[in-house]
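Below is one structure, written out as structure tokens; comments come after it.
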Amino acid sequence: MRQVTRGGLSRRGPSRASARLTQLVVGIGIVSALVVGTPGVGAAVPPPPHNPSDSEIASADSQVSSNVGTVSALINQVAAANEQLTSLDNEVAIKREDVNKTLVDLQNARGAADTAAQAVGVTKQALKDAGAQIDVAQTDFDKYARSSYVKGTNTASISSFLDAKGPGDVLDRAQVLKLLSNTQRAVLDGLQRARTEQANKDSETRQAKQQADAAAEVAANLKALAEQAIEIARNALDQQVAKKASIEANRNSAQAQLDAARNAVVGLQGQRQAYATWDEQRRAEEAHQAALEAAAKEAAAQAAARAAADQAAKDRAAALAAAQRPHTAVEDPTPTVIPGDDDEDTTTDTDTSTDEDTPVATPKPTTPKPTPPTTTPKPKPTPPAVGGSSGIESVIDRGMSQLGIQYAWGGGDENGPTRGIRDGGVADSYGDFNKIGFDCSGLMIYAFAGVGISLPHYTGYQYTAGTQVPASEMKRGDMIFYGPNASQHVALYLGNGQMLEAPQSGSSVMVSPVRWGGMTPYAVRLVS
């Protein structure tokens with residue numbers, strides 16, 4: 001976005017014609033500066049006007065007032081062209097952030113599919129455990145049945161009483177027989193419970209498999225949406241480039257006419273005065289700009305030194321980055337693997353021919369994890385590991401340490417700048433796919449990762465990631481958003497009317513005056 005401040009200069013002269021001439025010349029010079037200047041970092045002083053001789057001034061005085069209307073029309077054409085360029089830049093910015101949103105949704109869906117696939121594995125193992133328990137219970141029951149049949153339960157009971165040596169011995173043997181009877185019932189009950197548990201585990205396995213399949217289908221659909229969003233953005237960018245080329249051609253034509261009108265209409269006497277005014281303004285502006293650049297470089301150097309020395313912030317950022325999928329990866333480098341129905345058979349063999357002398361190992365049951373939901377939860381950032389003024393300054397130090405790093409659409413993560421979107425066409429006009437840098441939301445991810453806050457790579461999600469405060473009450477360290485529902489741009493407020501941003505393709509991370517036009521009603525505070 002561009003913010004243009006217009007102003008004019010005036011002077012006292014020997015006549016009304018000279019004063020009017022000077023005002024017109026200076027106004028034309030200022031418009032020229034707006035046409036050729038670079039927003040945010042370009043010099044505010046226009047190119048130097050021609051410095052005519054006395055004879056040239058004398059011969060051109062009569063032409064001063066004849067074509068004032070023509071020059072004014074050309075000035076308006078140049079201003080209108082710049083407004084159209086700004087509007088086109090804003091439209092493309094929204095489409096770029098739409099792609100970021102779709103990519104975030106895609107990675108969240110893939111995470112849900114991975115979790116569901118893990119649940120399938122857990123329930124299959126639980127099903128195997130249940131089958132093993134049935135085998136053990138069946139074996140125990142078979143042993144008891146064979147023993148009772150071979151020895152005879154009633155006979156064993158009578159012989160126990162006949163062989164008893166006294167009343168106490170009879171009571172002890174009766175107690176043993178009672179325990180054996182109870183054991184028989186316990187074996188039968190255990191067998192029934194094991195069969196019931198097996199049926200439940202089988203049902204859980206089928207349900208987990210269905211949920212995993214659904215999550216995988218959601219991920220596949222989101223991948224298609226991401227590819228579609230990239231294609232839409234590429235087409236919009238191609239159209240924007242063509243429109244911009246046409247507008248710039250018209251602007252250059254108007255500038256050429258303006259230059260011709262300046263030499264032929266304005267008058268050489270006014271040009272001389274304009275040259276003197278320009279030279280004075282140039283010296284003052286160059287000194288001011290040099291001071292600002294020196295202060296910015298010094299602040300960036302100090303911030304970079306503090307950020308480099310803050311190992312704890314680096315560790316927190318690295319830990320957050322390790323848990324994230326690559327933002328710009330449309331193809332999943334680690335696709336979700338879901339066990340199919342043709343995997344190892346989980347049904348239980350109910351053959352009861354196990355030899356009673358062969359020991360049977362009882363497997364250790366595993367506890368299945370809760371089945372995850374198939375819907376993607378709304379991203380919620382973790383609470384900051386470092387708060388207060390020290391946390392705010394850590395965020396700003398990390399952001400300022402990247403001053404001058406080039407813009408790369410889709411670039412930037414918790415550890416620093418990354419390569420832009422590599423789709424073969426979306427950012428080809430600017431070469432972003434071959435650049436290592438940040439886009440606006442990627443710069444915010446890097447800045448806040450040092451205090452342990454994880455942000456999604458989309459301005460719309462970042463807008464709801466913290467406490468929203470009225471824009472008029474924003475403080476140092478708050479995020480500033482632009483566009484409908486924060487869909488266009490984000491910057492970091494530094495205080496004193498300044499903000500840190502990665503503006504657009506072809507630019508770099510820079511400090512800019514806060515732009516109020518197009519700002520959302522609220523700023524977002526993550527560290528307080």
Side-chain angles (χ1 to χ4, degrees), residues 1 3 40 90 93-94 97 100-101 104 296 299-300 302-303 306-307 310 313 316-317 320 378-403 405 407 412-414 438-504 509-528:
M1 297 177 63
Q3 185 179 32
N90 292 341
I94 292 176
E97 283 303 311
N100 280 337
K101 173 182 180 296
V104 170
Q302 294 176 1
R306 290 191 296 268
D310 192 350
R316 285 189 289 268
L320 293 179
K378 183 178 180 181
K380 295 182 179 179
T382 56
V386 180
S389 60
S390 61
I392 293 172
E393 294 309 315
S394 176
V395 170
I396 292 175
D397 280 348
R398 283 175 65 86
M400 286 291 292
S401 70
Q402 303 303 303
L403 201 67
I405 299 297
Y407 182 97
D413 64 10
E414 293 83 352
F438 293 96
D439 64 6
C440 60
S441 48
L443 180 61
M444 298 302 107
I445 292 174
Y446 176 76
F448 283 94
V451 295
I453 295 179
S454 178
L455 291 174
H457 203 133
Y458 169 55
T459 54
Y461 290 163
Q462 291 180 359
Y463 189 54
T464 60
T467 302
Q468 293 184 338
V469 297
S472 60
E473 299 176 10
M474 62 184 174
K475 296 180 179 180
R476 181 173 169 86
D478 291 348
M479 289 191 292
I480 308 172
F481 293 87
Y482 296 88
N485 297 319
S487 60
Q488 181 179 311
H489 188 52
V490 62
L492 183 65
Y493 184 55
L494 303 177
N496 298 323
Q498 300 291 309
M499 65 183 185
L500 181 70
E501 62 174 348
Q504 59 189 359
V509 177
M510 64 178 63
V511 175
S512 307
V514 171
R515 297 183 295 273
W516 292 94
M519 185 187 296
T520 56
Y522 300 99
V524 172
R525 184 168 299 157
L526 294 176
V527 183
S528 58

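To the nearest 0.5 Å, the span separating CD on Gln468 from CD on Glu473 amounts to 13.0 Å. Distance check, rounded to the nearest 0.5 Å: OG of Ser441 to CD of Gln462 gives 5.5 Å. Atom CG of residue Leu443 and atom CZ of residue Arg398 lie 10.5 Å apart, to the nearest 0.5 angstrom. Considering CE of Met519 and OG of Ser472, their distance stands at 10.0 Å, rounded to 0.5 Å. Going from atom CG of Asp439 over to atom CD of Glu97 covers 6.0 Å, rounded to the nearest 0.5 Å. If you take CZ on Phe448 and CZ on Arg316, they are separated by 13.5 Å, rounding to the nearest 0.5 Å.
Using a 4.5 Å cut-off on side-chain heavy atoms (C-beta onward), Val509 and Leu500 make contact. By the 4.5 Å heavy-atom criterion applied to side chains, Leu455 and Leu526 are counted as neighbours. In this structure, the side chains of Met400 and Leu494 come closer than 4.5 Å at one or more pairs of heavy atoms. Gln498 is not listed as a side-chain neighbour of Val514, based on a closest heavy-atom distance of 4.5 Å or more. Considering only heavy atoms from C-beta on, Arg515 comes within 4.5 Å of Glu501 through its side chain. Residues Gln488 and Asn90 are in side-chain contact: their nearest non-hydrogen atoms beyond the backbone lie under 4.5 Å apart. Asp478 is not listed as a side-chain neighbour of Val524, based on a closest heavy-atom distance of 4.5 Å or more. With contacts defined as side-chain heavy-atom distances shorter than 4.5 Å, the pair Tyr482/Val490 does not qualify.
Closest approach of Leu403 to Ala296, counting heavy atoms only: CD2-O, 3.9 Å. When all heavy atoms of Trp516 and Ala471 are compared, the pair lying nearest together is CH2-O, 4.1 Å. Contact detail for Ala502 and His489: the closest heavy-atom pair is O-CE1, 3.4 Å. Among all heavy-atom pairs drawn from Ile94 and Pro484, the shortest one is CD1-CD, 4.0 Å. Taking each heavy atom of Pro470 and Tyr522 in turn, the nearest pair found is N-CD2, 3.7 Å. In this structure, Pro456 and Val104 approach most closely via the heavy-atom pair CB-CG1, 4.0 Å.
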Chi angles and distances behind the ring-ring contact (aromatic ring centres under 6.0 Å, His included) call for Tyr446, Phe438
CA-CA 9 Å; Tyr446 176 76; Phe438 293 96; 5.8 Å; yes
How far apart are the C-alpha atoms of Leu492 and Met499, what are their side-chain angles, what is the distance that settles it, and do they pass the side-chain contact (heavy atoms from CB on, under 4.5 Å) test?
CA-CA 5 Å; Leu492 183 65; Met499 65 183 185; over 6 Å; no
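Within a 6.0 Å sphere centred on OH of Tyr463, other residues, nucleotides and ligands contribute more than 12 heavy atoms.
At least one donor-acceptor pair under 3.5 Å links the side chain of Ser390 to the backbone N or O of Gly387.
Remark: Arg476 is not positioned above the aromatic ring of Tyr493, lacking an NZ or CZ atom under 6.0 angstrom from the ring centre and at most 45 degrees off the axis.
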